[in-house]
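A quick write-up on the structure given underneath.
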Amino acid sequence: MTRYWLMKSEPTTFGIDNLKAEKVSPWDGVRNYQARNFMRDDMKMGDQVLIYHSACEEIGVVGLGEVVSKPYPDPSAFNRQSKYFDPKSKVESPTWILVDIQFKEKFKKIVSLSTIKADPKLVGIVVAQTGSRLSIQPVSKPHYTHIVALAHGD
DNA sequence: GCCAACGTTGGC
DNA sequence: GCCAACGTTGGC
């Protein structure tokens, strides 16, 4: 069964344009257990992803991606040079797990957070809840479908 | 830059 | 295991 997700990124660090350029990218640097658990336990190849930009000028859903790998250890946790290096994560018992995300589409017009919050069809979506800092969130199929329709419509 | 919300750490 | 202190996220 295909599931639907929202994954946050900061365009100053790694945004939709970086993903488009790389085509497929390991979603590294996630250092939150709940977000990790979604990648490790719940994501399956073929799952569909809303790519979201935060901490920037235009906040909102900016495009689409797809899960294209099984979960595997986040290599950046073992890399002393990486800002995501975590000395507690051992190669033999990795703490941090990720999946590869493939670029699918960049929206011509973003679906902004304010649009999402104002849309009665999107009531209850996690990203619109105050204090929702989780960088990976499950999205219901109707919400996913509606956001894609908003991006492709008007 | 502010600050509310939230996760993590560490003393006890 | 509690909880205060601290750090981070992220919208505004």
Taking only residues two or more places apart in sequence, or in another chain, which ones meet Tyr33(A) in a ring pair (Phe, Tyr, Trp, His ring centres under 6.0 Å)? Trp96(A)
Are side-chain N/O atoms of Gln137(A) and Ser132(A) paired as donor and acceptor at under 3.5 Å? yes
Indicate whether any N or O donor in one side chain lies under 3.5 Å from an N or O acceptor in the other, for Asp100(A) and Tyr72(A). yes
Using C1' atoms of five pairs at each end, report the bend of the helix from dG1(B)-dC12(C) to dC12(B)-dG1(C) rounded to 10 degrees. 10°
Side chains of Lys106(A) and Asp17(A): does their closest heavy-atom pair fall under 4.5 Å? yes
Cys56(A) versus Ile59(A): any side-chain heavy-atom pair under 4.5 Å? yes
With distance as the sole criterion, is a donor-acceptor pair present between the side chains of Arg31(A) and Ser135(A) under 3.5 Å? no
Please confirm whether the backbone N or O of Thr12(A) pairs with a side-chain atom of His53(A), one donor and one acceptor, at under 3.5 Å? no
Which nucleotide span of DNA chain C, 5' end to 3' end, has atoms closer than 4.0 Å to non-hydrogen atoms of chain A? dG7(C) to dC12(C)
